J.: 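I have a structure I would like to understand better, so I am pasting it below and will then ask my questions one at a time.
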Amino acid sequence: MDDLGAQLRQTRTEAGVTLASMAARTSYSVSHLSNVEAGRRAATPDIVLAYARLLGEGEMRRRQMFGLAAGVVAPVVTGELIRAGFSAALRGRTAEEDWRERVDQYGRDYMAVGAVALQSRLANDLVVLQQHLDTPVMWSHAARALVTYGKTTPNPAEAIRWYDLARVAADRSDDLAVRVWVRGRAAIALAYEGAALTTARRYAEQGVALSDRPSLGRVQALMAQAHVAAGRGDQASAVALDTDSRRVFDLVASPDGEVSDTAVPPWRMETFRSMLYARLGMPGPGTEAQEEADRTRPVDLPRFATHIELHRGLTMVKSGDRAGGVAYAQRAMDALPVERRSQSLTLMLREVEQAAARQRA
């Protein structure tokens with residue numbers, strides 16, 4: 001324990017990060033981290049992974065930090081992995097099938113639980129998964145898991161670092177569908193949030209250029225381009241790209257009952273479109289999209305119901321009701337339990353407030 005805490009302290013100081021800054025960027029207090037670094041408290045897997053994420057800049061330091069993380073986290077889950085591995089083998093399953101199922105489950109869990117609840121568990125598996133990247137299929141599983149992990153991070157800049165890793169992993173898989181999906185999913189994640197539009201545009205353009213075959217990755221890349229156009233104030237291009245995206249969506253839409261981050265059923269497509277038309281200040285198609293999303297969305301996804309309510313608040317602001325729109329959006333956010341909230345919701349509420357401030361100016 002003393003040695004591990006000392007290694008964490010050494011890596012932090014070499015990175016030029018103060019203890020106060022480290023505490024501000026994690027969920028731990030200065031006194032708790034100080035005790036961990038001094039060996040007076042245990043360096044739990046969550047803390048080691050937090051240090052690894054925040055201090056792992058540069059190839060050498062990244063290897064050092066994730067080596068530490070693997071040493072702490074892997075023993076925690078080794079017994080479960082051995083049991084699962086033997087159980088899979090006895091059922092005639094391969095490691096690749098086991099990891100595919102595990103990553104698929106994270107896609108489903110992302111829709112139902114908050115980012116905080118998901119992040120630590122997914123981080124544990126990523127530490128182990130990186131030790132098994134010996135086939136193209138395993139790289140494809142890693143790519144999808146990394147995109148989901150990026151969605152659990154607290155800010156767009158950190159998410160982009162994970163999306164970039166996911167793109168590299170997808171390219172290692174030689175799976176064209178995964179390569180397009182990773183870029184399209186990362187692009188719509190950023191563009192829908194109105195964050196890092198230049199990066200969102202780059203991801204989307206790459207996804208569209210890789211293949212013109214209809215796919216969910218292409219749907220999301222085209223929809224991301226529509227949101228980027230809306231961010232530039234280019235209404236004509238945004239509407240045209242929405243039309244293109246829907247044309248592809250009609251060919252590849254996920255079933256209504258499929259609830260996963262890798263799926264785009266009708267209610268989710270209408271959620272993307274609802275935000276697009278709220279941004280454009282076009283209440284007609286926006287209201288239609290909102291009503292369709294509410295009609296078809298599964299009842300057990302309250303976080304996504306809040307998305308639509310925030311879109312309605314933005315629509316009100318764009319229509320001139322600044323105070324009413326902000327109040328409506330804030331009430332919607334307050335009604336959702338804190339543990340269910342996400343980075344996307346926080347950024348959307350901020351966008352509503354900023355739109356109101358610009359109108360006052």
Side-chain angles (χ1 to χ4, degrees), residues 104-118 147-148 151-152 181 184-185 187-194 215-217 219-224 226-227 230 242-243 245-280 282-316 325 328-349 351-352:
D104 286 346
Q105 186 61 50
Y106 278 121
R108 293 188 288 270
D109 289 347
Y110 173 79
M111 307 298 287
V113 303
V116 174
L118 189 65
V147 170
T148 303
K151 286 292 297 173
T152 70
W181 182 84
R185 182 67 188 98
I188 190 60
L190 294 172
Y192 177 79
E193 294 171 351
S215 69
L216 294 180
V219 167
Q220 293 175 98
L222 289 168
M223 182 55 68
H227 279 272
D242 172 46
T243 300
S245 182
R246 280 191 293 163
R247 187 178 298 117
V248 179
F249 175 76
D250 288 341
L251 299 173
V252 298
S254 303
D256 285 338
E258 188 172 352
V259 179
S260 171
D261 189 47
T262 61
V264 185
W267 71 265
R268 200 174 190 194
M269 183 65 170
E270 294 306 319
T271 301
F272 293 152
R273 299 185 65 241
S274 167
M275 186 56 172
L276 176 68
Y277 285 102
R279 282 191 171 122
L280 290 172
M282 299 175 64
T287 298
E288 291 177 5
Q290 290 157 14
E291 291 175 351
E292 183 64 14
D294 284 341
R295 187 184 70 81
T296 58
R297 184 182 56 251
V299 297
D300 56 347
L301 298 176
R303 186 167 85 245
F304 293 93
T306 305
H307 280 235
I308 296 297
E309 294 302 288
L310 293 182
H311 302 171
R312 290 191 171 106
L314 181 59
T315 299
M316 292 170 66
Y328 188 96
Q330 187 63 63
R331 284 196 300 271
M333 182 69 100
D334 291 343
L336 187 70
V338 173
E339 65 274 11
R340 292 274 188 168
R341 298 176 192 176
S342 65
Q343 170 186 297
S344 296
L345 291 172
T346 300
L347 291 173
M348 276 188 281
L349 179 58
E351 184 169 346
V352 175

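This chain uses plain numbering: 1 for the first residue, then up along the sequence. Small disclaimer: the values here were computed from a predicted structure and weren't measured.
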J.: If you take all heavy atoms of A305 and R297, which pair is closest and at what distance?
T.: CB-NH2, 3.3 Å

J.: I want to check something: taking the side chain as every heavy atom from C-beta on, are E270 and I308 in contact at a cut-off of under 4.5 Å?
T.: no

J.: Testing the 3.5 Å rule here: is there a donor-acceptor pair between the side chains of H307 and T271?
T.: no

J.: Taking the side chain as C-beta and beyond, is there a heavy-atom pair between V352 and Q330 under 4.5 Å?
T.: no

J.: Counting C-beta onward and ignoring hydrogens, is there a side-chain heavy-atom pair between T306 and R303 closer than 4.5 Å?
T.: no

J.: Within the structure provided, determine whether S344 and K151 are in side-chain contact (heavy-atom separation under 4.5 Å).
T.: yes

J.: How close do A230 and R279 get, counting heavy atoms only, and between which atoms?
T.: CB-CB, 4.5 Å

J.: With side chains defined as the heavy atoms from C-beta onward, is the minimum distance between P265 and T296 less than 4.5 Å?
T.: no

J.: Any carboxylate oxygen within less than 4.0 angstrom of a Lys/Arg side-chain nitrogen, looking at R247 and D250?
T.: no

J.: Are side-chain heavy atoms of S245 and M269 found at a separation under 4.5 Å?
T.: yes

J.: With a 4.5 Å cut-off on side-chain heavy atoms, are R273 and D242 touching?
T.: yes

J.: Ignoring hydrogens and angles, tell me if any N or O in the side chain of R341 forms a donor-acceptor pair with the backbone of M333 under 3.5 Å.
T.: yes

J.: Taking T315 for its side chain and H311 for its backbone only, find out whether a donor-acceptor pair lies under 3.5 Å.
T.: yes

J.: Which pair of non-hydrogen atoms, one from L216 and one from V252, has the smallest distance, and what is that distance?
T.: CD2-O, 3.4 Å

J.: Can you tell me how the ring of Y192 sits relative to the ring of F272, calling it parallel under 30°, perpendicular over 60° and tilted otherwise?
T.: perpendicular

J.: Check whether any side-chain heavy atom of Q220 sits under 4.5 Å from a side-chain heavy atom of M223, and report yes or no.
T.: no

J.: Is there a salt bridge (charged side-chain N to carboxylate O under 4.0 Å, His left out) between R268 and E258? Walk through the geometry before answering.
T.: CA-CA 11 Å; R268 200 174 190 194; E258 188 172 352; over 6 Å; no

